[in-house]
Amino acid sequence: MLPSILTKSTTSPSAARLHLRLLPASSLHTSTPLRLAAIGAPPPPPPPAQSPSFLLPCPSPSYNHYATTLRTCVLSRAVRPGRQLHARLLVSGLGLDPALSIRLVDLYASCGHVSHARRLFDRMPQQWNVFLWNVLIRAYARDGPREAAIEMYRAMVANGSVEPDNFTYPPVLKACAALLDLATGREVHERVGRTRWAADVFVRAGLVDMYAKCGCVDKARAVFDGTAVRDAVLWNSMIAACGQNGRPAEALALCRDMAAEGVGPTIATLVSTISAAADAAALPRGRELHGYGWRRGFGLQDKLKTSLLDMYAKSGLVKVARVVFEQLVHRDLISWNSMICGYGMHGHADEALELFSEMRSEAQVMPDNITFVGILSACNHGGMAKEAKEFFNLMVTVYSIKPTVQHYTCLVDVLGHSGRFEEASDLINGMSVEPDSGIWGALLNGCKIHKNVELAELALQKLIELEPEDAGNYVLLSNIYAQSGKWEEAARARKLMTDRGLKKIIACSWIELKGKSHGFLVGDASHPRSYEIYEELERLEGLMSQAGYVPDTTPVFHNVEDDEKRNMVRGHSERLAIAFGLISTPPGTKLLITKNLRVCEDCHVVIKLISKIVQREIIIRDVNRYHHFVNGECSCKDHW
DNA sequence: CTAGGGTTAG
């Protein structure tokens, strides 16, 4: 059975080749006769039916035969025939001339056989031209080791016989981006600035992407803004840059500007923008993009559907997400993971696990570490400690996936929740990776629920070491000491915080109504309808106390100072956002609120009551999960 | 005398 390339080759530049095959070996290393022969050749003789392939024995293949077939191999990326050709050349005694070697290097490099390409490259130092350097740099940048791409670039510059060009810089920048090597990236940027490639769109897109991946969005933006002629890919790079660096609003704005400047969006534009809308929980905008993608004819593509699925899940509409998932023509790893994680975030543990078993039984995709992050967080949000441990073991033993810190965090979290502190501690001590702030934060969370002062103290000390900038940790630690009568330590913790000049992260919630985002800080009175908002809160408080609600005043583990706390009882940002949502929408409308921190215990109780009193579905998107409040209950079953 | 940049899950 021959690869299709071989059969194809007989139908293409056949005339010349068939003719030349018959030429004597004296035509070796003369590269011209091909075209002349083709022109002067009589009409092609009917191809011999039995020997179409160049791999079948050919009495004395000529140089030109090798050259053209190798060209065909390069064009269709056929390595295997290429390798055979290479071997034949060597045994035939024809050897490799520069032109053939260059083509072979190109073939090997573009088919993922970089080491073969490199071996040939190293043997032909006198032929090193820009193209050859570029071919290798590109291959290393794409298939790794990425360090080699940068090394080759440096070698090229050091060698000095050729200058890097507009085909050199983009892959080098890509390697810098992948390695987060900002220093080299800057160096390249500087060099580019001194050449005539400074304005090249390909180079500039590379720069934007490199800066973005290294976290310097502003630098990326500067490069973008300084580009005279912007094509779709450059816009896409900038949109992705904002999306990947937590600036979704800017990404959405850029998408509009792009359309305004008359640059047509591509599928990548929509995928990136939809993902940004998902991160901003900007459902109306996401829906608009959904419709737009549909009209542009992208709607049938699975890539777009997958980003929509994610967007709907993150906007609280898990059921809609599932409908989109069902409509996929082909489910790849990303779509399975998106859906499983979507269920996980919402605390729909059963659905997540069911989908996982479906994935294992019917799909040709293998679960990866992200799949297990989804599964473990689903168990976690469902309070299923036993299952979480089982899946963790399954991951390690059956799938041979090395657990990452995220997997450990899920386990510590679920163990801490169930008050199984010994197991949690053992796990942390036996971890193959260094515990990070996420691990200690998860442990602390369990300590709060079960009032485990000792372990909380340890966790907080570690947290302060790891995140000296987060003031909340100091306040909590100080409160714990105060609680157990260790006044001196309490004072020391506080002093440490003030000495370092730290302030707490200000809580903020926002709600999107009619395409406009309304943000609220704690105790915020700046909204134009502030008066009505507080009036509504007061009305609700009245109804709640009739229902028997008493504000939570337990001082332990509260992240605020006592005096501060009293002022804040009614002013928590999510309550303001909810009250605003209630007075601005018709009865029965669902509310989606996004918050930059976690929901506090008291607010959780209050929102449950509100959902019952006003008969509304309220969805809160926390830093790490979703809460669906319906008729006095929350989907997290008080487990968060 | 050849080729290339951006894209979703955690």
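Below, chains carry the letters A, B, ... as their sequence lines are ordered, and counting in each starts from 1. Here the structure is a predicted model, which is why all the values come from computation and not from measurement.
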Expected list for residues 341-349 of chain A: side-chain donor-acceptor pairs under 3.5 angstrom, two or more places apart:
unit_1   : atom_1 : unit_2   : atom_2 : d
A:Tyr343 : OH     : A:Arg322 : NH1    : 3.1
A:His346 : ND1    : A:His628 : NE2    : 2.8
A:His346 : NE2    : A:Ala313 : O      : 2.7

Problem - Spacing between A:Tyr312 atom OH and B:dA9 atom P, to the nearest angstrom - result: 17 Å
Handout entry: Lys/Arg-Asp/Glu bridge criterion (N-O < 4.0 Å) met for A:Asp332, A:Lys303
Key = no
Exercise for the section: Check whether the side chain of A:Asn134 and the base of B:dG4 form a donor-acceptor pair under 3.5 Å. Expected result: no
Practice task
Check the distance between B:dG5's C1' and A:Tyr211's OH and give it to me in whole angstrom.
Solution key: 16 Å
Exercise for the section: For A:Lys213 and B:dG5, give me the distance from atom NZ to atom C1', rounded to whole Å. Expected result: 11 Å
Handout entry: Per-pair stack call A:Trp336 and B:dA9, 5.5 Å, 30°
Key = no
Handout entry: Minimum-distance nucleotide (side-chain atoms of A:Phe167 versus B:dT7, B:dG10, B:dG4)
Key = B:dG4
Problem - Aromatic ring proximity A:Phe167/A:Phe131, centre distance under 6.0 Å - result: no
Practice task
For A:Val208, answer base if it contacts any base atom (sugar-phosphate contacts may also be present), sugar-phosphate if it contacts only those atoms, and nothing otherwise; contact means non-hydrogen atoms under 4.0 Å.
Solution key: nothing
Practice task
Identify whether any heavy atom of A:Ser272 sits under 4.0 Å from a base atom; if not, whether one sits that close to sugar-phosphate; answer base, sugar-phosphate or nothing.
Solution key: sugar-phosphate
Exercise for the section: May I ask you to verify if any side-chain N or O of A:Gln301 is less than 4.0 angstrom from the OP1 or OP2 atom of B:dT7? Expected result: no
Exercise for the section: Can you tell me the distance, in whole Å, between the CZ atom of A:Arg230 and the P atom of B:dG5? Expected result: 22 Å
Exercise for the section: Measure from the side chain of A:Asn369, starting at C-beta and using heavy atoms only, and say which of B:dA9, B:dG10, B:dG5 lies closest. Expected result: B:dG10
Completion exercise
To the nearest angstrom, the CG-P distance between A:Leu136 and B:dT2 comes to 18 Å
Handout entry: A:Lys305 with A:Glu326: basic N within carboxylate O range, under 4.0 Å
Key = no
Practice task
Look up atom CD1 in A:Ile102 and atom CG in A:Leu120, then write down how far apart they are to the nearest 0.5 Å.
Solution key: 11.0 Å
Practice task
For the side chain of A:Ile102, starting at C-beta, report the closest nucleotide among B:dG5, B:dA9, B:dT2.
Solution key: B:dT2
Exercise for the section: Determine: side-chain N/O of A:Lys314 to OP1/OP2 of B:dG10, distance under 4.0 Å, yes or no. Expected result: yes
Practice task
Nearest whole angstrom, please: distance from the P of B:dA3 to the CG of A:Asp143.
Solution key: 18 Å
Practice task
For the side chain of A:Asp231, starting at C-beta, report the closest nucleotide among B:dT8, B:dG5, B:dA9.
Solution key: B:dG5
Exercise for the section: Would you indicate what A:Thr404 reaches in the nucleic acid, counting non-hydrogen atoms under 4.0 angstrom: base, sugar-phosphate, or nothing? Expected result: nothing
Problem - Between P of B:dA9 and CZ of A:Arg322, the distance in whole Å - result: 20 Å
Exercise for the section: State which of B:dT8, B:dG5, B:dG4 makes the closest approach to the side chain of A:Arg138. Expected result: B:dG4
Problem - Nucleotide nearest A:Ala268 when distance is taken to its side chain, options B:dT7, B:dG10, B:dG5 - result: B:dT7
Practice task
Give A:Asn129 one of three labels, base, sugar-phosphate or nothing, depending on what nucleic acid heavy atoms sit under 4.0 Å from its own.
Solution key: base
Problem - Stacked pair A:Phe131-B:dC1, distance under 5.5 Å, angle under 30° - result: no
Exercise for the section: Would you indicate what A:Asp310 reaches in the nucleic acid, counting non-hydrogen atoms under 4.0 angstrom: base, sugar-phosphate, or nothing? Expected result: sugar-phosphate
Fill in the blank from the handout: note: A:Trp197, atom CH2; B:dA3, atom C1'; distance rounded to Å ~ 13 Å
Problem - Test of ring centre spacing under 6.0 Å for A:His381 and A:Tyr626 - result: no
